[in-house]
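Please read all numbers here as calculations on a predicted model, not as lab measurements.
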Amino acid sequence: MAMTASPRVAEVCVKRAVLGMAAISLVFSGTVAAFASPVKGAIPTLATTGVAFTGGKYVFNRPGVNHGAFEWSGRLRDELTDDRHNVYVEVKIQGHDWVRYYGKQRSSVMLHQSNWNGAQRYTGEARIRACRDRGSLRPDNCMRSKKLTYNWDRG
């Protein structure tokens, strides 16, 4: 005795199979999006009189990785070795003031830092600039800041 299913039962089984496959594909697409790569890029050369920041790279880490930090690196170089002034890079992220990272007089240093706001899941905007510290009597000369952004909510 062979079992036969009515056309109505077969239709219900096919619909369940299709819905099951759709649910599985949504789960896997969400998983891929959650493990998306961080946003990476190159920082253009930052230079003004007496200072240069070259070979710069940055990463906007995704939420949950390295505090969702803005991570950057590059070489800071004192271009005027005879002026006895130091050089520095300043970084500013959303909700915080400028943070300074000093170089060395008459030489170059490799910098690799991370900046983040502890009250946020991720960093989506950062500004970076290179400056020459001219002492307390004269203002420092800084280049115009470069703004780097990524909208994590829009992808």
Kindly say whether Glu125 contributes a backbone atom to a donor-acceptor pair with the side chain of Thr149 at under 3.5 angstrom?
no
Are Lys104 and Asp78 close enough, and set up right, to give a side chain to side chain contact (heavy atoms under 4.5 Å, CB included), and what steps lead you there?
CA-CA 7 Å; Lys104 288 186 102 171; Asp78 184 358; over 6 Å; no
Say whether Thr54 and Arg75, considering side chains only, have a donor N or O and an acceptor N or O under 3.5 Å apart.
no
Of all heavy-atom pairs linking Pro63 and Arg121, the shortest is CB-NH2, 3.3 Å
Test side chain to side chain contact (heavy atoms under 4.5 Å, CB included) on Phe60 and Trp152; report intermediate values, then the result.
CA-CA 9 Å; Phe60 281 107; Trp152 282 103; 4.1 Å; yes
Write down the atom of Ser114, the atom of Glu71, and the distance for their closest heavy-atom approach.
OG-CG, 3.5 Å
For Arg100, I'd like to know if atom CZ has over 12 heavy atoms of other residues, nucleotides or ligands within 6.0 Å.
yes
Taking the side chain as every heavy atom from C-beta outward, state whether Asn117 and Ile93 have any pair of such atoms under 4.5 Å apart.
yes
Yes or no on salt bridge (charged side-chain N to carboxylate O under 4.0 Å, His left out) for Asp82 and Arg106, after CA distance, side-chain angles and deciding distance?
CA-CA 7 Å; Asp82 297 335; Arg106 297 180 295 280; over 6 Å; no
Any heavy-atom pair between the side chains of Thr123 and Tyr150 that's under 4.5 Å?
no
Can any side-chain N or O of Asp140 pair as donor or acceptor with the backbone N or O of Cys142 at less than 3.5 Å?
no
Would you kindly say whether Gln120 and His67 are connected by a side-chain donor-acceptor distance under 3.5 Å?
no
Would you mind checking if Arg77 and Glu79 are paired as a salt bridge, meaning a charged N to carboxylate O distance below 4.0 Å?
yes
From Ile128 atom CD1 to Phe53 atom CZ, the distance as rounded to the nearest 0.5 Å
4.5 Å
Check Gly124 against Gln94 and note the closest heavy-atom contact, atom names and distance.
N-OE1, 2.8 Å
Would you name the heavy atoms of Phe70 and Leu148 that are closest together and state the gap between them?
CZ-CD1, 3.8 Å
Note: Leu76 and Val89 closest approach over all heavy atoms is CD1-CG2, 3.7 Å
Should Val99 and Val109 be counted in the same cluster of Ile, Leu, Val, Met, Phe, Trp and Tyr side chains packed under 4.5 Å apart?
yes
Within 45 degrees of the axis of the six-membered ring of Trp98 and under 6.0 Å from its centre: does Arg127 put its NZ or CZ there?
no
In the single-linkage hydrophobic clustering (I, L, V, M, F, W, Y; side-chain heavy atoms under 4.5 Å), do Met143 and Tyr88 co-cluster?
no
List the steps and the verdict of side chain to side chain contact (heavy atoms under 4.5 Å, CB included) for Asn141 and Arg132.
CA-CA 5 Å; Asn141 58 312; Arg132 179 173 62 145; 3.1 Å; yes
Just checking, any donor-acceptor pair under 3.5 angstrom between side chains of Asn61 and Trp116?
no
Minimum heavy-atom separation for Lys146 to Leu46, with atom names?
CG-CD2, 3.4 Å
Please determine whether side chain to side chain contact (heavy atoms under 4.5 Å, CB included) holds for the pair Lys147 and Ser145, giving the CA-CA distance in whole Å, both sets of side-chain angles, and the decisive distance to 0.1 Å.
CA-CA 6 Å; Lys147 182 177 178 181; Ser145 66; 6.0 Å; no
Under 3.5 Å, is there a donor on one side chain and an acceptor on the other for Asn115 and Tyr101?
yes
Joint cluster assignment, Trp72 & Val59, ILVMFWY side-chain distance < 4.5 Å
no
